[in-house]
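Indexing begins at 1, ligand by ligand and atom by atom, following the structure's order.
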Amino acid sequence: MHRVLTTCCFCACGCNLYLEVEDGRITGVIPSREHPITRGNLCLKGWHSYEFIHHRDRLQSPLIRRHGRFVKASWDEALDLVTARLLEIRDKYGAESLGVLSSAKCTNEENYLLMKLTRAVLKTNNIDHCARLCHSPSVIGLNNAFGSGAMTNSIAELAGAEVILVTGSNTTEQHPQIARFIFDALAKGARLIVVDPRRIPLSRFAHVYLQPRLGTDVIWLNGMMKMILDDGLADDTFIKMRTENFEAFTEMLRNFNIEDVVTISGIRLEDLRRAARMYASVKRAMIIYSMGITQHISGTDNVQSIANLAMLTGHVEQEWTGVGPLRGQNNVQGACDMGALPGTLSGYQNIADANIREKFENVWKTHLPTVPGLTGIGMFRSAGDKKVRGMFIMGENPALSHPDLRSTRAALKGMEFLAVSDIFLTETAELADVVLPAASFAEKDGTVTSTERRIQRLRKAISPVGESKPDWQILCELSSRMGYPMDYETPAEIMEEIAFLTPIYGGAYYNRLEHGWGLFWPCPNSHHPGTPFLHKGSFARGRGRFEYVRYRPPAEVPDDRFPFFLTTGRIYAHWHTGSMTRRVTALSREGPEAFVEINPKDAKTIGVRDGKPVRVFSRRGDITVKARLTRDVPEKTVFIPFHFAEAPANILTHYHCDPGADIPEFKVCAVRVESVQ
Ligand SMILES: Nc1nc2c(c(=O)[nH]1)N[C@H]1C(S)=C(S)[C@@H](COP(=O)(O)OP(=O)(O)OC[C@H]3O[C@@H](n4cnc5c(=O)[nH]c(N)nc54)[C@H](O)[C@@H]3O)O[C@H]1N2
Ligand SMILES: Nc1nc2c(c(=O)[nH]1)N[C@H]1C(S)=C(S)[C@@H](COP(=O)(O)OP(=O)(O)OC[C@H]3O[C@@H](n4cnc5c(=O)[nH]c(N)nc54)[C@H](O)[C@@H]3O)O[C@H]1N2
Ligand code: SF4
Ligand SMILES: [Mo]
């Protein structure tokens, strides 16, 4: 038996663990004791992260759809068909008729190659990935305010904060190891403010817990800032030295009606004032936020408001002090960094900038498309008018994870050609013309970048299962077939090209990642030690920019026909569309089936008891789930996790998006709940 050190495949905490290998099979995992985030612990998912690897459902050979049924095929047949069909569609309708989804479950090297293939070979910028559904408002909002969309500080710095404000992040369930650093801070006497429409496990530990109505974050944030200004708790020196547009901002804030806090968000003014004073009166304060802030039509506004609050109090630009958008997938930070986005090449270098394009064109020896592409949402939205006719999807499952599934699935079915690479036959793969079996994280080398911008290694522990191949090899073979040879021997070789073309990854060579616990970008050259916290001395954009934002109600609010608010999200035991976690016995036992959290008072009115089935309807469709009675959700608000294919929450959600970030409002829609007799 031997052990191989690698990075966990689930969340962006980036824990390191040893895979135990016996006779070519993974038989267990052990957490790293020395790794600074892991510290000898894993969450339940981490402990079971190896079990799906040898599951009998793993895709073992390529599949081609013939006469409506999948048949096994050779790699040659499958890759030839993908090549022929994608190029045919491109030549017939133009490159803009192709769409590509990349994967936050795949490595940096794989995301970089798919980004390169899309732009250099397919000649379109229509590439995106799940960050669209996740932190796209952070990338835009924090970029506007600070000049960089990533976490400003490292995870371990949380332990040194005096006050931590957590909003729209169910940290103990979704980022368990980050929650441990919050508990470390609490043990040292820090104060905790939690703002969440649902009572989450962290609420119990909060010194102030505020329960706003869904989608009213701009209101309580503006209220909090007005109180801080009125109480003279703003950091005038910081504002003067480091920021701009403050005058215009305060001008608008002065006109903000503080009573709106009560009438719109439902928060009492005295509670908000306690939180405002707590946050503003210390030196070291961190804000932690996640999907409760971003998945709204006002997602970018919410993020800008958070940045306003941090700048108003000077709570950014120092150690222990900053803004932490918690990234979700193990490599969603890296997929963004690698340019799997419609408007940027790797390292957030603008595709519309001729000088940048020229740099890449010289190395890649080809011409690149100039106009930013469609977003992941745009690809499906436009499918109705047949803009996108052919797709390549690597490691994503939009047939469950995208909004309004009737319409998303119709778009997928309407494609003239769809190729999917995955480790399982997902709901999306089932709709494909060609399915490519990918090797899992345990079967390949590469790097992934955690939420704190820490670039770390994935290490191959076993050979690919069956005939599966690592995505980077699949992409090399595909590109070569398309007439653009890619002959990288190893992921390390791909990283050398990434480092050469991407200033923030300039020093991320494998020899430096071999020992120690990774590198924090920006790491511009091979001598640079990496950067645990950003904006030291000045913001990435120069001065931090205040921008007043006005409250806008959610796109769909309850009415007589659909009198409940629905909010969706996750549970501790499961991962997104469940392709991996629902194939692990221990995790399935923890989260066996779909449910709706409903307040006991509402349950009484509807006439439903705990554990009994209810039907939940929205304007898009309906699902049947079990009622789970709990006071954690307020009256007239229900919560459904989106992990369960047999009762998909996204049948109910809608396509209304944030205008800049194009993220759908997964966190709010209107539903009706009926008991099933
Ligand atoms: N176990 C597990 N962990 C995961 C994942 C998983 O699937 N399972 N997924 C990973 C990924 S990709 C991501 S992006 C993260 C997501 O991590 P989180 O964002 O923490 O997870 P969510 O459950 O989507 O929602 C977070 C919180 O937002 C609150 N919320 C809902 N509406 C609002 C609102 O209007 N305002 C505010 N302030 N809060 C609101 C919800 O009540 C919930 O507590 O988790 C990562 N970690
Ligand atoms: N209602 C609702 N919907 C949501 C959200 C919500 O809060 N509410 N959250 C949104 C968010 S934040 C996110 S991030 C998305 C996630 O949406 P998706 O990314 O579509 O969901 P996953 O289930 O993580 O899909 C990852 C796929 O990659 C496959 N995979 C794993 N490893 C590999 C590999 O090495 N290679 C390949 N090729 N495939 C691999 C897995 O089997 C799985 O099918 O969902 C979004 N959808
Ligand atoms: S906290 Fe995240 S990275 Fe750590 S073991 Fe759990 S899922 Fe894996
Ligand atoms: Mo996410």
If the cut-off is 4.0 Å to any non-hydrogen atom of [X], which atoms of ligand 2 fall inside it?
| X | result |
| --- | --- |
| T426 | 44 (O) |
| C106 | 34 (C), 36 (N), 37 (C) |
| N650 | 1 (N), 2 (C), 3 (N) |
| A439 | 34 (C), 35 (O) |
| S579 | 41 (C), 42 (O), 43 (C), 44 (O) |
| D471 | 34 (C), 35 (O), 36 (N), 37 (C), 38 (N) |
| A438 | 36 (N), 37 (C), 38 (N) |

**Q.** Within 45° cone of F639 ring axis and under 6.0 Å: R198 NZ or CZ
**A.**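 So R198 does make the cation-pi contact.
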Q: Please state whether the rings of F642 and F666 are parallel, tilted or perpendicular, taking 30° and 60° as the class boundaries.
A: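 Ring orientation, 0 to 90° scale: parallel.
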Q. Would you call the rings of F52 and F10 parallel, tilted or perpendicular if under 30° counts as parallel and over 60° as perpendicular?
A.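 Because their plane-to-plane angle is over 60°, the rings of F52 and F10 count as perpendicular.
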Counting both backbone and side chain atoms, is some N or O of [X] under 3.5 Å from an N or O of ligand 2?
| X | value |
| --- | --- |
| S103 | no |
| K444 | yes |
| D422 | yes |
| G395 | yes |

Q) Taking the non-hydrogen atoms of S421, is any one of them nearer than 4.0 angstrom to ligand 2? A)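 Checking ligand 2 against S421, which is what was asked, there is a heavy-atom contact under 4.0 Å.
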Q) Around R550, counting heavy atoms of other residues, nucleotides and ligands shown, do more than 12 lie under 6.0 Å from its CZ? A) no
(Q) Does R552, at its CZ atom, have more than 12 non-hydrogen atoms belonging to other residues, nucleotides or ligands within less than 6.0 Å? (A) yes
**Q.** Residues in the immediate environment of ligand 1 (any heavy atom closer than 4.0 angstrom)
**A.** K45, C134, T167, G168, S169, N170, E173, Q174, H175, V195, D196, P197, R198, I200, L214, G215, D217, S290, M291, G292, H296, G328, Q329, T567, G569, R570, I571, Y572, H574, W575, H576, H643, K667
Among residues at least two apart in sequence or on other chains, which ones pass side chain to side chain donor-acceptor pair (under 3.5 Å) with [X]?
| X | result |
| --- | --- |
| Y488 | K116, E497 |
| S305 | none |
| T426 | none |

Q | NZ/NE/NH1/NH2 to OD/OE distance under 4.0 Å, E646 and R582 | A |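 Here E646 pairs with R582 in a salt bridge, since their nearest N and O are under 4.0 Å apart.
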Q.
Is it the case that the side chains of Y289 and S138 hold a donor-acceptor pair, with the cut-off being a distance below 3.5 Å and no angle test?
A. yes
Q. For the residue pair H402 and Y655, is the inter-centroid distance of their aromatic rings smaller than 6.0 Å?
A.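 Between H402 and Y655, the centre distance exceeds or equals 6.0 Å.
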(Q) Exactly one of Q60, E443, K444 should register a side-chain contact (heavy atoms from CB on, under 4.5 Å) with S468. Which one does? (A)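 Exactly one candidate clears the test, E443.
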